[in-house]
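Scroll down for the structure; my scribbles are underneath it.
Since this is a predicted model, take the numbers as computed values, not measurements. Naming convention: chains lettered A, B, ... in sequence-line order (proteins, then strands); numbering from 1 in each chain. Just so it is clear, the values below take in all heavy atoms, side chains as well, and ignore hydrogens, waters and symmetry mates.
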2 protein chains.
Amino acid sequence: MANKISVLLVDDHAVVRAGYKTYLSLSERIGAVYEADRGETACQVYDKQTPDVVVMDLSMPGLGGLESVRRLLVRYPHCKILVFSIHNELVYVTRAIKAGAKGYITKNNEPDTLVTAVCTLAEGGTYIEPALAQQLAVNMAIGQDEAYKVKSLSPREFDIFCLLANGLSTREAADKLCLSYKTVCNHSTAIKEKLSVKTMSELTLLASRQGIVKTSA
Amino acid sequence: MANKISVLLVDDHAVVRAGYKTYLSLSERIGAVYEADRGETACQVYDKQTPDVVVMDLSMPGLGGLESVRRLLVRYPHCKILVFSIHNELVYVTRAIKAGAKGYITKNNEPDTLVTAVCTLAEGGTYIEPALAQQLAVNMAIGQDEAYKVKSLSPREFDIFCLLANGLSTREAADKLCLSYKTVCNHSTAIKEKLSVKTMSELTLLASRQGIVKTSA
DNA sequence: CGAAATGCCGGGAAAACTTCCAGGGCTTTT
DNA sequence: AAAAGCCCTGGAAGTTTTCCCGGCATTTCG
């Protein structure tokens with residue numbers, strides 16, 4: 001039997017981290033559980049502890065989960081990241097995988113699933129929630145729908161898409177991303193082209209259907 | 001000193017419930033902590049245990065948090081519900097309060113805040129996260145009730161509002177209404193002014209929240 | 001009834017925005 | 001090394017929006 005698996009939990013809610021930690025500690029295969037409250041600090045903790053697996057929440061203030069995944073991988077190309085999110089939309093799954101995550105499960109699972117996934121990753125495998133993996137397959141087959149089109153956006157385009165759909169003006173989005181306003185304009189045109197919509201309203205509606213913007217509880 | 005406060009935790013994530021429970025149990029004022037994994041079961045548990053306070057997550061599969069609040073209140077008009085959500089947007093707060101919740105706090109708070117809120121509700125009070133309560137007050141003062149603003153639109157403006165929010169371009173809306181496109185442009189400006197939004201996306205999001213456009217079947 | 005208010009319609013000029021095109025830098029793939 | 005894709009930017013041209021204006025019809029009120 002190998003050594004116990006060490007885990008780094010990244011989530012901005014202390015309460016939530018406590019819950020995960022409790023469950024992870026129940027498993028005999030899992031040893032130390034470190035914590036970080038956001039992407040920025042995750043790097044530092046990783047540096048010190050070099051955990052076997054990183055469990056990353058997607059929705060966090062600051063960098064956000066996806067960007068955190070990317071940055072971690074820049075510094076530690078071989079680190080194994082399991083994204084653990086509340087979102088069960090396929091868009092997020094594919095984004096996470098493309099960003100370099102080795103696994104994706106939602107928080108709706110039994111706690112055991114988290115342990116299983118962590119172990120799988122520790123052994124060098126990948127773990128994607130079965131239900132989602134299946135949907136993903138079906139989706140591939142159907143091919144030509146909105147989710148597919150959203151997936152066709154480049155990472156940068158997706159960022160801008162989210163901001164614009166949430167009501168930011170071209171200029172505000174540019175400021176937020178530290179880009180020229182013309183750049184965002186050009187991306188915006190490309191996005192509308194790829195999603196085959198003509199107006200910003202259509203774009204927002206599509207985003208709403210895809211669960212990328214939230215309009216109500 | 002009164003009896004200890006009994007609490008019912010409603011959240012679909014077992015992992016998350018565990019975290020809350022741990023923290024709640026640290027307080028001497030809090031006694032039994034029951035759990036339910038969704039709105040449907042919350043009623044049953046409430047029936048058996050009649051807890052002093054219900055702590056309800058907003059985003060849940062099935063009924064969803066808001067609807068669960070309403071249903072609980074139908075059966076138990078005096079039950080004290082504290083909504084505990086990740087959302088810090090005012091929309092969610094107002095909806096929760098309208099649904100009959102006695103308190104609202106976000107998950108970004110220190111765990112102690114949850115305890116404080118639970119105690120306040122148990123004593124018959126209300127607890128709304130200070131930062132949000134302040135925003136809400138400001139919001140009221142300014143008169144930013146979205147529904148109210150929509151009503152302030154003239155009949156013609158409302159027509160145009162609907163068309164634009166549904167994704168039509170200014171020109172298409174003009175054609176549809178047999179108007180000069182300049183007219184629609186001018187109306188559009190007035191509409192945005194009245195609704196205090198800057199972009200078409202914001203306008204669409206508002207329309208979506210107000211149920212004026214439908215985003216999903 | 002006259003006057004004022006409000007809603008509706010659109011023109012012109014100026015400002016803002018988008019589109020189209022072109023180019024440079026970077027990384028990954030072949 | 002070449003090709004391809006993404007990202008960023010700028011200029012020029014085209015389009016849209018804004019702002020300000022006046023005209024018209026209806027309603028309200030002194």
For nucleotides 15-30 of chain C, just jot down a letter per nucleotide in 5' to 3' order: B, S or -, based on protein non-hydrogen atoms under 4.0 Å. --BBBBB---------
Is B:H187 near enough to C:dC8 that one of its side-chain N or O atoms lies under 4.0 angstrom from OP1 or OP2? no
Do you know which two heavy atoms are closest between A:V69 and A:A101, and how far apart they sit? CG1-N, 4.1 Å
Interatomic distance, A:I191 CD1 vs D:dC6 C1' [rounded to whole Å]: 13 Å
Is there a side-chain contact between B:T170 and B:I160 (heavy atoms, below 4.5 Å)? no
Quick one: B:F158 CZ to C:dC8 P, roughly how many Å, whole number? 13 Å
From CG of B:D159 across to P of C:dG7 the rounded distance in Å is 14 Å
Residues which pass side chain to side chain contact (heavy atoms under 4.5 Å, CB included) with A:C79, listed by chain and number, not counting sequence neighbours: A:Y46, A:L72, A:L73, A:Y76, A:I81
Divergence of helical axes at both termini of the helix from C:dC1-D:dG30 to C:dT30-D:dA1 - five pairs an end, 10° steps: 30°
Can you name the side chain to side chain contact (heavy atoms under 4.5 Å, CB included) partners of A:A18, sequence neighbours left out? B:Y23
Using whole Å, what does the distance between atom P of nucleotide C:dC9 and atom CD1 of B:I160 come to? 7 Å
Can you list, in residue-number order, the parts of residues 172-179 of chain A that come under 4.0 Å of DNA chain D, counting heavy atoms only? A:L179
Quick check on C:dT6: is either OP1 or OP2 less than 4.0 Å from any side-chain nitrogen or oxygen of B:S154? no
Atom of A:F84, atom of A:D57 and distance for their closest heavy-atom approach: O-OD1, 3.3 Å
Any pair with a residue in residues 179-200 of chain A that passes salt bridge (charged side-chain N to carboxylate O under 4.0 Å, His left out), sequence neighbours left out, goes on the list, sorted by first then second residue, please. A:E157-A:K194, A:K198-B:E172
Check the side chains of A:D112 and A:T116 for a donor-acceptor pair under 3.5 angstrom, ignoring hydrogens and angles. no
Is there a donor-acceptor pair closer than 3.5 Å between any side-chain N or O of A:R38 and the backbone N or O of A:D12? no
With a 4.5 Å heavy-atom cut-off, do A:V55 and A:V10 have their side chains touching? no
Pair A:K107-A:Y20, side-chain donor/acceptor within less than 3.5 Å: yes
If I take atom CG from residue B:L164 and atom OG1 from residue A:T199, how far apart are they, to the nearest 0.5 angstrom? 8.5 Å
Does D:dC8 have OP1 or OP2 under 4.0 Å away from a side-chain N or O of A:T183? no
